[in-house]
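The block underneath contains the structure these notes are about, expressed in structure tokens.
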There are 2 protein chains.
Amino acid sequence: MAQPVNFGPLAHQPAYRLGSEKIRHAIISGEIEAGELLPTETDLAEQFGVTRSTVREAIRLLEHVGILGRADRKRLVVTRPGTEAVGRSVSSAMLMHQVTFEELWQVAMGLEPLAGKLACLSATDAEKQLLADNLVRTREVMADHDALLEAEIDFHNLVAQASHNSALLLARAPLNELFYPAWGAVIRALSPGERILVAHQHVYDAICAGDQEKAEEWMEKHMRDFRRGIELGNLGFDKPVRGQV
Amino acid sequence: MAQPVNFGPLAHQPAYRLGSEKIRHAIISGEIEAGELLPTETDLAEQFGVTRSTVREAIRLLEHVGILGRADRKRLVVTRPGTEAVGRSVSSAMLMHQVTFEELWQVAMGLEPLAGKLACLSATDAEKQLLADNLVRTREVMADHDALLEAEIDFHNLVAQASHNSALLLARAPLNELFYPAWGAVIRALSPGERILVAHQHVYDAICAGDQEKAEEWMEKHMRDFRRGIELGNLGFDKPVRGQV
DNA sequence: TGCTGACATATTGTCCGACAATATGTCAAT
DNA sequence: ATTGACATATTGTCGGACAATATGTCAGCA
């Protein structure tokens with residue numbers, strides 16, 4: 001049987017998508033740098049040869065990813081997407097894929113010890129100080145579950161930041177949104193404040209001493225504690241994390 | 001000195017953002033499931049009490065992240081963001097942060113061996129077959145640099161998929177966009193086809209045998225080869241990856 | 001001088017109404 | 001059963017309009 005020619009679809013892109021791609025490209029290629037102002041909507045409309053409404057749609061397309069933002073809630077400005085923006089979009093995706101706590105935990109086991117290890121190499125004195133402050137604060141709020149969770153999340157963020165690896169920082173962004181909040185249930189159920197503090201303390205010591213293996217090892221231990229907590233509390237280790245976002 | 005009351009800013013959100021949040025929430029909370037159609041723009045406009053233009057902006061805000069898409073390039077449909085959508089948005093972020101190849105490599109060292117390890121536990125026969133096919137293909141195209149790179153990327157995607165961990169799949173999405181393409185330069189410079197194949201073969205064997213340690217170990221070896229290749233070819237291990245996106 | 005207020009200006013947020021292009025559904029004709 | 005004609009629904013794009021708000025300017029006043 002003679003197959004008729006397959007032309008494939010006539011990839012006709014709507015104008016707002018073309019415009020958004022053009023802007024995106026200009027930004028990523030470095031033609032426009034972070035912090036710079038974009039032309040006004042009217043100007044863009046004129047340049048693209050479309051109406052302002054279309055330009056606006058093109059802009060919105062990029063805004064949610066964090067590439068564009070408002071400087072003074074007026075003019076558009078090119079921004080570097082922070083961990084929040086990335087975390088938000090990736091965790092929406094994970095939520096829709098019904099990611100289980102176990103799956104997140106496995107990813108965390110891949111990334112968090114790595115963060116600890118790298119922090120040993122790159123942490124500055126200022127960052128070590130921030131970690132020390134965090135330990136103090138953690139001890140203070142040990143009884144307050146919400147504050148404890150916040151301190152806990154903070155600690156891991158500080159470690160990640162001390163790794164001075166932006167790729168890692170962004171890759172682990174969704175953990176902040178999904179993994180650690182789920183941990184809140186464990187804290188309320190088991191009050192493992194002391195155990196958390198011990199682990200953090202060891203990680204901190206290792207970072208100060210520049211002892212990579214120890215940092216990695218204690219981060220792993222810490223993560224295993226997470227897992228044990230969820231299992232002990234029977235909090236649905238193999239069930240999808242639900243989004244409180 | 002008596003501090004005057006601090007009211008904080010009057011967080012006035014534009015309507016298109018409110019609308020987008022409302023839709024996003026409905027989707028994430030499961031009120032609307034993936035695959036379902038959204039009401040028409042006119043309906044949404046009526047429900048929200050705004051004009052269609054505003055609704056359209058709200059929709060665009062979500063479209064780029066992959067939560068919304070076109071079913072038949074007409075009606076809006078709720079979609080699960082795939083690795084492409086996530087990869088695209090996260091890698092834009094990484095590019096703007098001037099992520100270096102070294103940083104990406106470190107993340108890959110955290111995730112790829114993990115993927116190999118998990119694949120040992122979860123790979124189905126069909127997935128093993130796909131891996132086997134990939135090995136055959138890799139051997140065939142060993143001389144063709146572009147095709148080889150494609151096969152290489154494919155292999156790692158297949159392994160990741162065999163891990164049956166969506167969180168991992170999404171977390172490593174940016175690697176596909178930035179890390180492996182950079183590897184293309186190495187292939188052209190050093191033609192390490194044979195070395196790649198050997199590593200892949202060992203990973204494949206380990207997965208078939210269910211030998212987690214071996215899979216992990218060979219993935220690590222493979223990654224170290226990457227790094228060595230970049231260093232040997234003097235291809236800018238510590239320089240920002242440039243986006244060809 | 002330094003602060004305040006009035007005013008013009010630029011830019012975004014929102015609205016309205018309109019039309020073309022395209023996918024869908026229906027029904028008659030072949 | 002396939003085709004063609006036609007009405008319908010929905011999106012893509014247009015153009016113009018106005019309100020709200022941030023910025024800049026400048027005179028007035030202590």
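Model, not experiment: these values are computed from the prediction. To find a chain, count down the sequence lines: A is the first, B the second, and so on, and within it residues start at 1.
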* To do: Grab the CD-P distance between B:Gln13 and C:dT12 for me, whole Å please.
  => 18 Å
Side-chain donor/acceptor pairs under 3.5 Å, residues 78-87 of chain A, sequence neighbours excluded:
{"unit_1": "A:Thr79", "atom_1": "OG1", "unit_2": "A:Gly66", "atom_2": "O", "d": "2.7"}
{"unit_1": "A:Thr79", "atom_1": "OG1", "unit_2": "A:Ile67", "atom_2": "O", "d": "3.3"}
{"unit_1": "A:Arg80", "atom_1": "NH1", "unit_2": "B:Met96", "atom_2": "O", "d": "2.7"}

* Structure fact -> Contact check, residues 41-60 of chain A vs DNA chain C, heavy-atom distance under 4.0 Å, returns A:Glu41, A:Arg52, A:Arg56, A:Arg60
Atom pairs and distances, side-chain donor-acceptor, residues 46-55 of chain A, under 3.5 Å, sequence neighbours left out:
{"unit_1": "A:Arg52", "atom_1": "NH1", "unit_2": "A:Glu41", "atom_2": "OE1", "d": "2.6"}

* Asked: Among all residues two or more places apart in sequence or in another chain, which pass the side-chain contact (heavy atoms from CB on, under 4.5 Å) test with A:Gln106?
  -> A:Glu102, B:Leu118, B:Asn165
* CZ of A:Arg17 versus P of D:dT11: gap in Å, rounded? -> 13 Å
* Given C:dG13, is OP1 or OP2 found less than 4.0 Å from the side-chain N or O atoms of B:Tyr16? -> yes
* In chain order, what residues pass the side-chain contact (heavy atoms from CB on, under 4.5 Å) check against B:Glu57, with sequence neighbours excluded? -> A:Arg56, A:Arg60, B:Tyr16
* Structure fact -> Applying side-chain contact (heavy atoms from CB on, under 4.5 Å) to A:Leu149 and not counting sequence neighbours gives A:Ile153, A:Trp183, A:Ile187
